[in-house]
Q: 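Please find one structure pasted underneath; my questions will follow.
Side chains included, hydrogens not; waters and symmetry mates left out as well; all remaining heavy atoms used. Residue numbers begin at 1 in each chain, while the letters A, B, ... track the order of the sequences.
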Number of protein chains: 2
Amino acid sequence: MSTTSESPQRNTRQRRAVAAIMADLEGFASAQQIHDILKQRGESVGLSTVYRNLQALADADLLDALRNDDGETLYRRCSSGHHHHLVCRQCGRTVEVEGPTVERWADAVADDHGFRDVEHTLEIFGTCGDCAS
Amino acid sequence: MSTTSESPQRNTRQRRAVAAIMADLEGFASAQQIHDILKQRGESVGLSTVYRNLQALADADLLDALRNDDGETLYRRCSSGHHHHLVCRQCGRTVEVEGPTVERWADAVADDHGFRDVEHTLEIFGTCGDCAS
DNA sequence: ACTACTCTCGGAAACGATTGTCAAATCCGT
DNA sequence: ACGGATTTGACAATCGTTTCCGAGAGTAGT
Ligand SMILES: [Zn+2]
Ligand SMILES: [Zn+2]
Ligand SMILES: [Zn+2]
Ligand SMILES: [Zn+2]
């Protein structure tokens with residue numbers, strides 16, 4: 001019944017290495033940063049491969065992706081379901097947050113103006129307590 | 001009283017041309033699109049100049065800027081004060097929206113987690129009534 | 001109007017994140 | 001272990017945006 005004929009997903013050393021990094025990582029990080037971390041750990045993986053695997057993981061909803069002000073895409077492991085992020089500008093520490101009120105408000109506003117197929121983006125940035133010293 | 005010692009802002013043909021386009025434009029548009037429009041109108045302006053002037057206008061809070069999924073920066077004239085956008089994916093038609101509830105929620109969430117200097121981004125995307133036919 | 005001093009313009013080159021290419025390496029079912 | 005399909009990775013290409021820098025234009029003062 002499933003209409004999804006996704007790619008086969010082989011279990012390669014590189015795929016495991018990227019997944020392992022993301023499992024540990026606390027905040028959001030760019031593909032290049034992850035590539036650097038891998039190099040430092042000796043588990044070297046080609047840059048293109050890092051990009052490809054991060055995208056695959058994000059497509060499978062195993063990672064959240066967001067773009068920073070510099071236009072870089074940042075990745076982080078995420079829980080399932082719709083949620084947003086409170087991110088520290090300094091250290092990248094991230095808290096997943098939910099807001100049913102906001103969800104309803106966004107849908108209502110869109111509906112009021114006759115918009116359909118609505119979705120939204122919402123991120124909160126700030127300086128976390130630890131970094132405010 | 002004003003502490004702003006900003007750049008002198010000369011009144012050039014190019015600056016006027018870009019400002020004129022933005023005054024008319026309904027939805028969000030990219031720098032390159034605006035460059036094309038100018039070319040079509042005969043008021044040709046160098047691409048770098050279009051970029052520079054759009055940034056200047058955005059810095060002066062005369063334009064809103066947002067990034068689309070392709071990583072392009074889109075510009076549109078905006079009213080002053082904090083607000084968000086409801087944007088049609090098809091035609092770019094945009095409605096400025098405000099939500100005091102959302103503002104309070106975002107600040108409260110950040111405060112709960114000890115974050116300071118908080119700001120947020122929020123955009124709503126959908127298909128407008130006209131385009132849903 | 002003329003000059004001098006800047007600011008601004010614009011075309012080309014530089015940039016940087018991401019994607020495409022494609023031969024070689026690796027998986028994995030048999 | 002074999003063989004076909006997938007994945008990798010070094011490199012080139014793409015594309016929006018920024019920077020460079022010599023030429024051009026706005027502006028204040030005369
Ligand atoms: Zn922090
Ligand atoms: Zn939401
Ligand atoms: Zn529309
Ligand atoms: Zn807001």
Side-chain angles (χ1 to χ4, degrees), chain A residues 4-22 25 27-60 62-76 92, chain B residues 4-22 25 27-60 62-76 92:
Chain A
T4 61
S5 62
E6 300 297 322
S7 31
Q9 288 295 82
R10 284 186 181 173
N11 178 21
T12 67
R13 171 183 70 81
Q14 293 85 341
R15 196 159 288 170
R16 258 176 283 127
V18 171
I21 297 289
M22 297 314 291
L25 200 60
F28 279 90
S30 70
Q32 316 230 30
Q33 289 175 321
I34 293 160
H35 178 249
D36 288 345
I37 296 174
L38 284 163
K39 197 180 296 180
Q40 286 169 16
R41 293 201 188 178
E43 288 266 30
S44 189
V45 174
L47 182 56
S48 329
T49 303
V50 173
Y51 272 103
R52 279 187 297 241
N53 281 325
L54 287 173
Q55 283 173 339
L57 288 167
D59 287 347
L62 295 172
L63 296 182
D64 278 339
L66 66 82
R67 288 185 117 101
N68 69 6
D69 290 329
D70 298 337
E72 292 175 314
T73 302
L74 307 182
Y75 297 92
R76 178 179 182 277
Chain B
T4 62
S5 63
E6 299 299 318
S7 31
Q9 287 294 82
R10 287 187 181 173
N11 179 20
T12 66
R13 172 184 69 81
Q14 294 85 342
R15 196 160 291 172
R16 261 177 281 126
V18 170
I21 296 289
M22 297 314 290
L25 199 61
F28 279 90
S30 70
Q32 316 229 30
Q33 288 175 323
I34 293 159
H35 178 248
D36 289 344
I37 296 173
L38 284 163
K39 197 179 296 179
Q40 285 169 15
R41 293 202 188 175
E43 288 266 33
S44 189
V45 175
L47 182 56
S48 340
T49 303
V50 173
Y51 273 103
R52 276 187 297 242
N53 281 328
L54 287 174
Q55 283 173 341
L57 288 166
D59 288 346
L62 296 172
L63 295 182
D64 277 341
L66 66 81
R67 289 187 118 99
N68 69 7
D69 291 329
D70 298 336
E72 293 174 313
T73 303
L74 306 181
Y75 297 91
R76 178 179 183 275

Q: Within the sub-3.5 Å range, which N or O atoms of nucleotides 11-13 of chain C have a protein N or O partner, and how far apart are they?
A:
{"from": "C/dG11", "atom 1": "N7", "to": "B/Ser48", "atom 2": "OG", "distance (Å)": "3.2"}
{"from": "C/dG11", "atom 1": "O6", "to": "B/Ser48", "atom 2": "OG", "distance (Å)": "3.2"}

Q: Starting at CG of B/Leu54 and ending at P of C/dG10, how long is that distance when rounded to a whole Å?
A: 13 Å
Q: So A/Asn53, base contact, sugar-phosphate only, or nothing? Heavy-atom distance under 4.0 Å.
A: sugar-phosphate
Q: Nearest whole angstrom, please: distance from the P of C/dG20 to the OH of A/Tyr51.
A: 13 Å
Q: So if I apply the side-chain contact (heavy atoms from CB on, under 4.5 Å) rule between B/Thr12 and each of B/Arg16, B/Gln14, B/Gln9, which one comes out positive?
A: B/Gln14
Q: What residues from residues 28-36 of chain A pass a heavy-atom cutoff of under 4.0 Å to DNA chain D?
A: none
Q: I need the CG-C1' distance between B/Asp70 and C/dA17, as an integer number of Å.
A: 14 Å
Q: Can you run down the side chain to side chain donor-acceptor pair (under 3.5 Å) pairs that involve residues 63-73 of chain B, sequence neighbours left out, and say none if there aren't any?
A: B/Asp64-B/His83, B/Asp64-B/His85, B/Asn68-B/Glu72
Q: For A/Glu43 and D/dT8, what is the distance between atoms CD and C1' respectively, to the nearest whole Å?
A: 15 Å
Q: Indicate yes or no: at least one non-hydrogen side-chain atom of A/Leu57 is less than 4.5 angstrom from one of A/Tyr75.
A: no
Q: Please state how far atom CG in B/Leu57 lies from atom P in C/dT8, giving the value in whole angstrom units.
A: 12 Å
Q: Measure from CD on B/Gln55 to P on D/dG16 and round the result to the nearest Å.
A: 16 Å
Q: Nearest whole Å is fine: how far is C/dT19 P from A/Asp59 CG?
A: 10 Å
Q: Working to the nearest 0.5 angstrom, can you tell me the gap between B/His35 NE2 and B/Gln33 CD?
A: 13.0 Å
Q: Just to verify, what does B/Ala56 make a side chain to side chain contact (heavy atoms under 4.5 Å, CB included) with, not counting sequence neighbours?
A: none
Q: Please find the pair of heavy atoms, one from A/Ala17 and one from A/Leu38, that lie closest to each other, and give the distance.
A: CB-CD2, 3.7 Å
Q: Show me the donor-acceptor pairs within less than 3.5 Å that the side chains of residues 39-54 of chain B make with the rest of the protein, sequence neighbours left out.
A:
{"from": "B/Thr49", "atom 1": "OG1", "to": "B/Arg52", "atom 2": "NH2", "distance (Å)": "3.4"}
{"from": "B/Asn53", "atom 1": "OD1", "to": "B/Arg15", "atom 2": "NE", "distance (Å)": "3.3"}
{"from": "B/Asn53", "atom 1": "ND2", "to": "B/Thr49", "atom 2": "O", "distance (Å)": "3.4"}

Q: How many whole angstroms separate atom CD of B/Glu72 from atom C1' of C/dA17?
A: 14 Å
Q: Mark up nucleotides 23-30 of chain D, 5' to 3', with B wherever a protein heavy atom is under 4.0 angstrom from a base atom, S wherever such an atom reaches only the sugar-phosphate, and - elsewhere.
A: --BBS---
Q: Taking the axis from the first five pairs and the axis from the last five, what angle separates them in the helix from C/dA1-D/dT30 to C/dT30-D/dA1, rounded to 10 degrees?
A: 40°
Q: Taking side chain as C-beta onward, heavy atoms only, is B/Leu63 less than 4.5 Å from B/Arg76?
A: no
